[in-house]
Visitor: 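Got a structure here, written out as C-alpha cells. Questions coming.
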Amino acid sequence: MKVMIIEDDMLVRMGIKSLIPWSEMGLEVVCEARDGVEAVELYERFLPDIALVDILLPRMNGLDFIEKVKPLNPDGEFVILTCNQDFETVRKSLRLGVHDFIVKSTMEIEELQLILKQLTTKMKAKLLEHHFQEEGTPEAGSRFVRKASLLRDWLHGLYNSEETEAFAEKLGEYKYFLQKGEYEAWVVALDPSQDESKLTSQEIVKIGHSIDHMAVELYRSRLIGFVENINENRWHVLVSSTNSSDIDPKLLIDSVSQYMGHTLSIAVSKRFTDWREWTVYDRFASDLLSLKFFCENDHLFQGELPEATLSDAVFIWKKAIMNKLSSFQYEQAGDLLANLKQVVGPPYPKPNLLHNVLEDILFQLKQICEMSGRRPSETYFQRSELLDCVSLTQAVHLLYNAIHVLQEPAFKEKNGHERKKFVEATEMFIQEHRFDEISLNAIAMHLKVSPVYLSRIYKEEKGISFSTAVLTAKVEQAETMIRSGMTLTEVSDKLGYLNLSSFTRMFKKIKGIAPSHYADAEKN
C-alpha cells in the first residue's frame with residue numbers, strides 16, 4: 001500500500017521515513033510534501049492509500065487539504081499529526097473520517113507503527129468485504145461476468161484482428177482502455193505450496209478474485225484486464241504502463257505474500273503500443289515465465305525469452321553422463337548430474353528442450369534396471385514423474401534417486417552377475433556359430449539387452465571387441481580346416497565369406513600373415 005507524508009518540518013519527515021520498517025509492513029512511501037498546496041498536487045498524482053498529515057501546514061492547513069482531496073480517493077485513509085487536540089480540530093477530523101491522531105510532542109515511533117499496522121489490517125478487511133459485497137449485487141455481478149467473458153474470448157483469439165463492428169459492440173463500456181498509450185502483458189502464477197496440499201478449483205477461484213481486487217487496489221485504473229486460467233493456477237493480466245513506477249509487479253507479489261500467505265511469480269512482457277497485440281505479448285510473458293523451471297527461487301521475470309536451442313555444452317554433458325551410466329560408473333554420473341544447472345545456463349533454453357535430454361537419461365536408467373532382471377517400479381523411473389517436476393532441482397533430484405537405486409549393493413551384485421552371464425552367452429554363441437554370419441543385434445535381441453550395452457560389457461570383460469572376437473573364432477576354425485587339408489577356397493566358402501579376398505583380409509588382420517603363407521608353413 002502507498003503512503004504519503006505531509007509535514008513541513010524536515011526532521012520530523014526524515015524521522016518518520018527512516019524509523020518505520022515500511023517494506024516489512026507491506027507499505028511504501030511514494031511521496032512527501034512540505035505544504036498543503038504541494039500536497040494536493042502530489043496526492044492527485046499518486047493517490048496514496050494512507051496519508052500522514054500535519055495540521056499546521058503552510059499555504060493550506062491539513063484539514064482543508066483532507067477536505068479537498070477526500071473526493072479523489074474515497075477509500076483513502078488519513079492520520080493527523082498535531083501538536084494539540086483542540087475540540088474544533090477533533091470535531092472536523094471526525095467529520096472528515098480521519099482514522100487517528102498522533103500528538104507530535106509525545107509521539108513514540110512504536111505508537112505510529114501500531115496505528116499503521118491497525119490501519120492496514122482495517123483496509124485489507126474493508127477491501128475484501130467491499131469485493132464480496134460488490135460481487136453480490138446483480139448489476140456488479142453481471143458487469144464482472146461480462147468483462148471477464150470478453151477478455152477471455154479476446155485472449156483466446158476470438159477477436160485478434162482489426163477492430164470489427166462486432167468487437168466494438170462487445171467492448172461497449174470497456175472501450176476506455178483503447179486510448180493511445182503503452183501496455184504490458186503479465187502472467188501471474190501461484191507457486192506450488194510447500195506442504196504439498198493441492199488447492200481445489202473453488203479455492204483457486206477465490207484466491208484469483210482476491211488477487212484481482214488487490215491488484216485493483218494497488219494499480220487502480222492502470223489495471224485493464226484480469227483473466228483466470230484455473231487449470232494452470234495462472235492469471236493473465238493487461239496493464240497500462242505509462243508510468244512504470246505505478247505498476248511495479250513486485251508490489252503485488254509482496255502484498256499477496258503478506259496479506260494472503262501465498263507466493264506469486266510474475267512474468268512481464270516488453271511494452272507495446274497497440275492494445276490488439278495483447279495476445280501476442282501474453283504468449284511472450286508465458287514463455288518468459290517458463291524460466292521459473294530453472295530459477296525456482298525467483299519471482300519476477302523480465303527481459304529476454306529462453307533460447308530456442310540447446311548449447312553444445314549440454315550435448316557434451318549428455319554424452320558424458322550416458323557413457324558413465326553405460327559403464328556403471330554411477331558415482332561419476334551423479335557428479336555430472338549435480339553440475340547440470342551450471343552446464344545449462346544462463347542463458348537458459350526452453351524447458352521442453354532440456355526435458356527431452358532428461359527423458360533420454362531416464363530411459364537409459366530404466367533399461368539398466370530392467371537388464372538386471374528387476375522391475376523398475378520405483379517412481380524415480382517413471383516418465384510421468386519427470387514431467388511433473390516443476391523445477392530443474394526437482395528433476396535432478398528424481399534422476400539422482402534413480403541412480404542411487406542402481407548403486408544399492410544388492411543391485412550392483414546382481415548386475416555384476418548378469419554381466420558375466422551375458423558375456424558367457426555371447427562367447428558360447430560365437431563358438432557355436434563359426435560357420436554362420438554372426439550379428440551382435442541378433443544376440444542382443446535373444447538376450448533381451450541393448451546391443452550397445454552388450455558390446456560394451458563384452459569388451460570390458462574379455463579385453464577385445466565383439467567384432468574382433470568373431471574374427472578370432474573364425475580364424476581359429478580356419479586354421480583347423482587348413483591343417484585338415486582343405487583348400488583356401490573351400491575354407492572361405494564354409495566360413496561364409498563372399499570371396500577369397502575377403503577371407504584373406506580377415507585372416508591377415510588377425511594372424512598378421514596371409515592364409516596362403518600359413519598353409520605353406522603348415523606343409524613344411
Visitor: For the pair H355 and F293, name the ring-plane relationship: parallel under 30°, tilted 30 to 60°, perpendicular over 60°.
Guide: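 Answer is tilted, since the angle falls between 30° and 60°.
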Visitor: H299 and side chain to side chain donor-acceptor pair (under 3.5 Å): which partner among T263, D191, D254?
Guide: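 Of the listed residues T263, D191, D254, the side chain to side chain donor-acceptor pair (under 3.5 Å) partner of H299 is D191.
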Visitor: For the residue pair L289 and F301, what are the closest heavy atoms and their distance?
Guide: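 Minimum heavy-atom contact is CD1-CD1, 4.0 Å.
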Visitor: I'd like to know whether S502 forms a side-chain hydrogen bond (donor to acceptor under 3.5 Å, both in side chains) with N499, so could you lay out the CA-CA distance, the side-chain angles of the two residues, the decisive distance to 0.1 Å, and finally the verdict.
Guide: CA-CA 6 Å; S502 297; N499 51 57; 3.0 Å; yes
Visitor: Near N352 CG, under 6.0 Å, is it more than 12 heavy atoms from other residues, nucleotides or ligands?
Guide: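 Count over threshold, so yes.
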Visitor: Could you tell me whether the side chain of I438 reaches within less than 4.5 Å of the side chain of F466, counting heavy atoms only?
Guide: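 F466 reaches I438 side chain to side chain.
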Visitor: Between K508 and G512, is there a donor-acceptor pair closer than 3.5 Å when you use the side chain of the first and the backbone of the second?
Guide: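 Pair absent, no side-chain N/O of K508 close to backbone of G512.
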Visitor: Working note: I211 + M260, criterion side chain to side chain contact (heavy atoms under 4.5 Å, CB included); need CA distance, chi angles, decisive distance, verdict.
Guide: CA-CA 9 Å; I211 295 173; M260 297 176 60; 4.2 Å; yes
Visitor: Would V344 and W317 count as a side chain to side chain contact (heavy atoms under 4.5 Å, CB included) if you check the C-alpha gap in whole Å, the side-chain angles of each, and the deciding distance to 0.1 Å?
Guide: CA-CA 9 Å; V344 171; W317 174 88; over 6 Å; no
Visitor: Of all heavy-atom pairs between Q477 and F435, which one has the smallest distance, and what is that distance?
Guide: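 For Q477 and F435, the tightest heavy-atom pair comes out as NE2-CZ, 3.4 Å.
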Visitor: Are N323 and S326 linked by a side-chain donor-acceptor pair shorter than 3.5 Å?
Guide: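 No - no donor-acceptor pair under 3.5 Å links their side chains.
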Visitor: Just by modelled atom types, is the A308 backbone N or O under 3.5 Å from a matching donor or acceptor in the K350 side chain?
Guide: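 Such a contact is absent between K350 side chain and A308 backbone.
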Visitor: Do W22 and L116 touch side chain to side chain, with heavy atoms closer than 4.5 Å?
Guide: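 A side-chain contact exists here, since the closest heavy-atom pair is under 4.5 Å.
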Visitor: Quick one: does Q431's side chain have a donor or acceptor within less than 3.5 Å of a partner on A473's backbone?
Guide: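 No.
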Visitor: Would you say C389 and H397 make side-chain contact, with heavy atoms under 4.5 Å?
Guide: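 A side-chain contact is absent here, since even the closest heavy-atom pair is not under 4.5 Å.
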Visitor: Assess whether side chain to side chain contact (heavy atoms under 4.5 Å, CB included) is satisfied between T273 and Y183, documenting all intermediate values.
Guide: CA-CA 6 Å; T273 56; Y183 306 91; 5.8 Å; no
Visitor: Using the six-membered ring wherever Trp is involved, compare the ring planes of F284 and Y281 and label them parallel, tilted or perpendicular (cut-offs 30° and 60°).
Guide: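 Ring orientation of F284 relative to Y281: tilted.
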Visitor: What's the separation between atom CG in L354 and atom CG in L392, rounded to the nearest 0.5 Å?
Guide: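 Atom-to-atom, L354:CG and L392:CG are 6.0 Å apart.
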Visitor: Are any non-hydrogen side-chain atoms of P349 and V314 less than 4.5 angstrom apart?
Guide: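 No, too far: nothing below the 4.5 Å cut-off.
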Visitor: So which atom in K474 and which in R434 form the shortest heavy-atom distance, rounded to 0.1 Å?
Guide: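 Of all heavy-atom pairs spanning K474 and R434, the closest is NZ-O, 2.6 Å.
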Visitor: Below 4.5 Å, heavy atoms only, C-beta onward: do E228 and V205 meet side chain to side chain?
Guide: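 Sidechains of V205 and E228: no contact.
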Visitor: Before giving the answer on side chain to side chain contact (heavy atoms under 4.5 Å, CB included), spell out for L495 and F507 the whole-Å C-alpha distance, their side-chain angles and the decisive distance to 0.1 Å.
Guide: CA-CA 12 Å; L495 292 175; F507 193 97; over 6 Å; no
Visitor: Measuring from Q364:CD to K324:NZ, what's the distance to the nearest 0.5 Å?
Guide: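 Here the interatomic distance stands at 13.0 Å.
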Visitor: If we ignore hydrogens and angles and just use 3.5 Å, is the side chain of S210 paired with the main-chain N or O of K206 as donor and acceptor?
Guide: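 Indeed, once roles are kept as given, a pair shorter than 3.5 Å links the two residues.
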Visitor: Quick check for you: to the nearest 0.5 Å, what is the distance between L310 atom CG and F315 atom CZ?
Guide: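 So the gap between those two atoms works out to 4.5 Å.
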Visitor: Grab the two heavy atoms, one from L305 and one from L288, that are nearest each other, plus how far apart they are.
Guide: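 Taking every non-hydrogen atom into account, CD2-N, 3.9 Å.
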Visitor: Kindly check if the number of other-residue, nucleotide or ligand heavy atoms within 6.0 Å of CD (E304) is above 12?
Guide: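 Count not over threshold, so no.
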Visitor: Taking the side chain as every heavy atom from C-beta outward, state whether L353 and V357 have any pair of such atoms under 4.5 Å apart.
Guide: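 The answer is no, as the side chains (C-beta and beyond) never meet within the 4.5 Å cut-off.
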Visitor: Got a donor-acceptor contact below 3.5 angstrom from the K292 side chain to the S391 backbone?
Guide: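 No: the side chain of K292 does not pair with the backbone of S391.
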Visitor: Which value, rounded to the nearest 0.5 Å, describes the distance between I321 atom CD1 and L340 atom CG?
Guide: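 The distance works out to 8.0 Å.
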Visitor: Ignoring hydrogens, what is the shortest heavy-atom contact between G303 and K270? Give both atom names and the distance.
Guide: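 Closest approach of G303 to K270: O-CE, 4.4 Å.
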Visitor: Start with the C-alpha gap between S465 and S467, add the side-chain angles, then the distance that decides, and say whether side-chain hydrogen bond (donor to acceptor under 3.5 Å, both in side chains) holds.
Guide: CA-CA 5 Å; S465 67; S467 58; 3.2 Å; yes
Visitor: Counting heavy atoms not belonging to K341, are there more than 12 under 6.0 Å from its NZ?
Guide: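 Yes, enclosed.
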Visitor: Is K2 salt-bridged to E28, going by a charged N under 4.0 Å from an acidic O?
Guide: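 No, K2 and E28 are not salt-bridged.
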Visitor: Please check: side-chain N/O of Q258 versus main-chain N/O of G26, any donor-acceptor pairing under 3.5 Å?
Guide: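 Side chain of Q258 to backbone of G26: a pair is present.
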Visitor: Near E203 CD, under 6.0 Å, is it more than 12 heavy atoms from other residues, nucleotides or ligands?
Guide: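 For E203, atom CD is crowded (more than 12 foreign heavy atoms under 6.0 Å).
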Visitor: Any chance you could measure I266, atom CD1, to I253, atom CD1, to the nearest 0.5 Å?
Guide: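 One gets 4.0 Å once the value is rounded to the nearest 0.5 Å.
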Visitor: Is a side-chain donor or acceptor of W186 paired with a backbone partner of A285 at a separation under 3.5 angstrom?
Guide: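 Not a single qualifying donor-acceptor pair exists.
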Visitor: When you measure from the side chain of W278 to the backbone of A185, do you find a donor-acceptor pair of N or O atoms at a distance under 3.5 Å?
Guide: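 Checked: no pair found.
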Visitor: How close do W235 and I207 get, heavy atom to heavy atom, and via which atoms?
Guide: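 Looking at all heavy atoms of both residues, the closest pair is CH2-CG2, 4.4 Å.
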Visitor: Taking only residues two or more places apart in sequence, or in another chain, which ones meet K318 in a side chain to side chain donor-acceptor pair (under 3.5 Å)?
Guide: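 With neighbours one apart ignored, the set is D360.
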Visitor: Got L398 and Q394 here, is their nearest side-chain heavy-atom distance under 4.5 Å?
Guide: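 L398 does not reach Q394 side chain to side chain.
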Visitor: Would you confirm whether Y458, through its side chain, and I464, through its main-chain N or O, come within 3.5 Å as a donor-acceptor pair?
Guide: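 Flag not set: sc Y458 to bb I464 has no pair under 3.5 Å.
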Visitor: Does a side-chain heavy-atom distance below 4.5 Å link P48 with V3?
Guide: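 SC-SC contact between P48 and V3 ruled out.
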Visitor: Would you give the length of the straight line joining atom CD1 of I403 to atom CD of Q332, rounded to the nearest 0.5 angstrom?
Guide: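 It is 10.5 Å, given to the nearest 0.5 Å.
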